[in-house]
S.K.: 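Here you go, one structure.
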There are 2 protein chains.
Amino acid sequence: MHEDCKAETALEILIGKWKPVILYHLFSNGTMRFSELHKAIPDITKKMLTSQLRELEYHDIVHRKIYPEIPPKVEYSITEYGQRLTPLLQTMGDWGSAHERHLKELYGEDRPAEPLNLKKETTAVQ
Amino acid sequence: MHEDCKAETALEILIGKWKPVILYHLFSNGTMRFSELHKAIPDITKKMLTSQLRELEYHDIVHRKIYPEIPPKVEYSITEYGQRLTPLLQTMGDWGSAHERHLKELYGEDRPAEPLNLKKETTAVQ
DNA sequence: CCGTATCCAAGTCGATACTG
DNA sequence: CAGTATCGACTTGGATACGG
């Protein structure tokens, strides 16, 4: 962490392959059960869903309400504090959309999937 | 990538352990040579500095100007398009600062470094 | 239903040495 | 000076099976 650069703090909290989608669903739908989230994001494993939710919970962005029943029932929602993420997510989303258009202008429709010189060439095939 | 969630696009571009610091220095200082950046961020390796700069260059955020001299001289700067990142970085920075204060309120000064239940416990010792 | 535990593959990053 | 090349440690995420 580099003291002066608080933008890193924001990144650290939002990164994690699934956090943005999870937040997207919770912001859109309000309260959701674990299984509902899982249905909404079919490709995530339960392990990942759990861990990402726990991290968001630690940061007071997501609230976890446990109903002591059998079978268990757990509901997730955005905390009141978590609502303050809205402008940030909005700004990120806007920039992201604009940037996709910009890349299209730069490289054309068939943009060559990140020719990042130093990364592996994924050896074509498949 | 999940179509509806363009915030992911922004994350994808900004992540990379060093990109925020690099941008911070380039935004603050204007044009910088490779070696100046390296001095400003001593812990980064040349490999990492190069790769992060190349990714930013691909996204038209950073411009790379090569002087065909011996010894070589390369200057990096934020492109005009790259300036559009300013509001995003600002918003991220603001949220990051506010969030650090919030965590302090929640967990006190000696906040217990992310008790993320599912991550390894680094087996104490050392 | 809502998770954990375990194991493994892939990716990321750092250290180091070398080059035009 | 400004990189590349190579290797290995560490981290992250996915598959699968099991538990309260």
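Every chain is numbered from 1, with letters handed out A, B, ... down the list of sequences.
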S.K.: Is the backbone of A:Tyr58 close enough, under 3.5 Å, to the side chain of B:Tyr107 for a donor and an acceptor to pair up by distance?
M.R.: yes
S.K.: Does a side-chain N or O from A:Ser35 land closer than 4.0 Å to OP1 or OP2 of C:dC2, or not?
M.R.: yes
S.K.: Starting at atom NE2 of A:His38, determine the distance to atom P of D:dG14, rounded to an integer number of angstrom.
M.R.: 11 Å
S.K.: Would you mind telling me which of C:dC13, C:dG3, C:dC1 lies closest to the side-chain atoms of A:Arg33?
M.R.: C:dC1
S.K.: Out of C:dT6, D:dA2, C:dG14, which nucleotide sits closest to the side chain of B:Lys47?
M.R.: C:dG14
S.K.: Rounded to whole angstrom units, what separation is found between the CD1 atom of A:Ile70 and the P atom of D:dG19?
M.R.: 16 Å
S.K.: Check this one for me: any side-chain N or O of A:Tyr76 less than 4.0 Å away from OP1 or OP2 of C:dG3?
M.R.: yes
S.K.: Would you say the side-chain atoms of B:Gln52 pair up with the backbone N or O of B:Lys19, donor to acceptor, closer than 3.5 Å?
M.R.: yes
S.K.: Quick check on D:dG14: is either OP1 or OP2 less than 4.0 Å from any side-chain nitrogen or oxygen of A:Lys17?
M.R.: yes
S.K.: Would you say D:dG3 has OP1 or OP2 under 4.0 Å from some side-chain N or O of B:Arg54?
M.R.: yes
S.K.: Just to confirm, is there a sub-4.0 Å distance from OP1 or OP2 of D:dG14 to any side-chain nitrogen or oxygen of A:Trp18?
M.R.: yes
S.K.: For the pair made of CD in B:Gln52 and P in C:dG11, what is the distance, rounded to whole Å?
M.R.: 17 Å
S.K.: How close do B:Ala7 and A:Leu89 get, counting heavy atoms only, and between which atoms?
M.R.: CB-O, 4.3 Å
S.K.: When the distance from CZ of A:Phe34 to C1' of C:dT4 is rounded to whole Å, what number comes out?
M.R.: 11 Å
S.K.: What is the separation between atom CG on B:Asp43 and atom C1' on C:dC13, rounded to the nearest whole Å?
M.R.: 13 Å
S.K.: Please report the distance, rounded to the nearest Å, between CG in A:Leu53 and C1' in C:dC1.
M.R.: 15 Å
S.K.: Looking only at heavy atoms, what is the nearest atom pair of B:Ile44 and B:Ile22, with distance?
M.R.: CD1-CD1, 4.4 Å
S.K.: Could you check whether A:Tyr67 gets within reach of a base, just the sugar-phosphate, or nothing at all, counting any heavy atom under 4.0 Å?
M.R.: nothing
S.K.: Within the structure shown, what part of the strands sits under 4.0 Å from A:Lys46 by heavy-atom distance: base, sugar-phosphate, or nothing?
M.R.: base
S.K.: Could you tell me the separation between the NZ atom of B:Lys65 and the P atom of D:dG3, rounded to a whole number of Å?
M.R.: 15 Å
S.K.: Measure from CD on B:Glu69 to C1' on C:dG20 and round the result to the nearest Å.
M.R.: 15 Å
S.K.: Yes or no on side chain to side chain donor-acceptor pair (under 3.5 Å) for B:Tyr81 and B:His63, after CA distance, side-chain angles and deciding distance?
M.R.: CA-CA 10 Å; B:Tyr81 170 75; B:His63 175 67; over 6 Å; no
S.K.: Nearest to the A:Pro72 side chain among D:dA15, C:dC1, D:dT6, which nucleotide is it?
M.R.: C:dC1
